[in-house]
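A quick write-up on the structure given underneath.
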Amino acid sequence: MRKKIVAGNWKMNQNKAEAVSFIEALVKEDKPQDVQMMIAPSYVMLDACKQAATDELVIASQNISQHDKGAYTGEVSADMLKSIGVKTAIIGHSERRSIFGETHEILAEKVKQAINNSIQVVFCVGESLEEREAEKAESTVKSQLEDSLFFLSEIEMKNVIIAYEPVWAIGTGKTASPEQAQEMHAFIRSLIVDKYNQHVADATSILYGGSVKPSNAKELFAQPDVDGGLVGGASLKVDSFVELLHSFK
Ligand code: 13P
C-alpha cells in the first residue's frame, strides 16, 4: 500500500547553521518507523542537509529546471541534484506558479525532466479562493493534473507523489476542513483510477498542504485518502515537525 509521508517545505527559510542543526536534531529524535520523512531546504542547503541526514530522511529540492544544461542563469538541473544524491523534487508549488509564472507547459517539461532522470516528483495542485467560490475547485485541479502530469505512463506514476494545496490555505492559518480535504483527495484518486487504474490510484500517496500544524494534523491525516502532509511553517521547528510525524493513527 501507499506510504504515509510528512514533507517539510522550508521555502526561503533556514540559513546553513539552522538547516544543519535541524537535521542533526531530527535524526536523533524518536520517530514512527512507518512514516516517511522528507525535508525540502533551499538549493544551497541541499548538500549540507544531505550530508547531515541519514537514509531514513529524504532530502528533496523545491524545484528543478526543465532543461538539461546550458545557458540558464540561476537554474539547477536534474543532473546537478543527482550528483549530490538528491532524488526527489517538488514541482508546481503554487508559489512557483503564481510568483514565478510557471505554466502548465513548463511544469509538464519539469515533470518529464525529473522522471527521465529517475527523480521522484512531488507534484502540487490546488485551487485559488476565487476558483473555490466559483465552484471550480475540482475542474481546476483536474486540469492541473491532466495538463502537466497525466502524460506519464503507469510505470512512471510510481515515482510520483501528489500534494493537494488549496492556495487559500497556504500560509494563511486557514486550513481546509478534514471533510474538504478528504473530498478533494478522493476526487484526485478517482481521476487516477479513470486515467490509469485502481492499482495506481491505491499506490499513489496524496498529501494535504495548507496551514497543517500539530493541532489539526491528526484529524486531517485520519481521512482515508489523506496520506500525510506537505508542510510549510510548522516544518521549521524540530518539535512541531516531530509532532506531525506522530499524528497518524
Ligand atoms: P504552510 O504550511 O505554511 O501553510 O505552507 C504550506 C505549503 O505551501 C507547503 O508547500
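All ligand and atom numbering here is 1-based and tracks the order in the structure. These numbers come from a predicted model, not from an experiment. Heavy-atom basis, side chains included; hydrogens, waters and symmetry copies ignored.
At a 4.0 Å heavy-atom cut-off, ligand 1 touches Ala169 through the backbone alone. By the criterion of a heavy-atom distance under 4.0 Å, both the backbone and the side chain of Ile170 are placed next to ligand 1.
Within the structure, ligand 1 has Gly210 among the residues with a heavy atom less than 4.0 angstrom away. Using a 4.0 angstrom heavy-atom cutoff, Gly209 does not count as in contact with ligand 1.
If you check each of Glu165, Lys213, Gln62 against atom 10 (O) of ligand 1, the one with the closest non-hydrogen atom is Glu165.
Aromatic ring pairs are classed by plane angle as parallel below 30°, tilted from 30° to 60° and perpendicular above 60°; the pair Phe22 and Trp10 is perpendicular. By the 30° and 60° cut-offs, the orientation of the rings of Tyr196 relative to Phe150 is perpendicular.
Of the protein's heavy atoms, Gly232 N, 2.9 Å lies nearest to atom 2 (O) of ligand 1. Of all protein heavy atoms, the one closest to atom 5 (O) of ligand 1 is Lys11 NZ, 3.2 Å.
In terms of polar-atom proximity, Gly233 is counted as a contact of ligand 1, with an N or O under 3.5 Å from an N or O of the ligand. Between Asn9 and ligand 1, a contact under 3.5 Å exists for at least one N or O pair.
Residues Ser61 and Val76 fail the side-chain proximity criterion, which asks for heavy atoms closer than 4.5 Å. By the 4.5 Å heavy-atom criterion applied to side chains, Val226 and Tyr164 are not counted as neighbours.
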List the steps and the verdict of side chain to side chain contact (heavy atoms under 4.5 Å, CB included) for Tyr43 and Asn63. CA-CA 8 Å; Tyr43 278 143; Asn63 187 15; 3.4 Å; yes
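In terms of hydrophobic clustering, with Ile, Leu, Val, Met, Phe, Trp and Tyr side chains grouped at heavy-atom distances under 4.5 Å, Ile90 and Met38 are assigned to a common cluster. Side-chain heavy atoms closer than 4.5 Å link hydrophobic residues (I, L, V, M, F, W, Y) into clusters, and following such links, even through other members, never connects Val20 to Ile23.
Short contacts between ligand 1 and His93, defined as distances under 4.0 Å to a heavy atom of the residue, involve ligand atoms 7 (C), 8 (O), 9 (C), 10 (O). Near Ser211, meaning under 4.0 Å from one of its heavy atoms, ligand 1 places the atoms 1 (P), 2 (O), 4 (O).
Salt-bridge check for Lys142 with Glu138: failed, with every basic side-chain N at 4.0 Å or more from each acidic carboxylate O.
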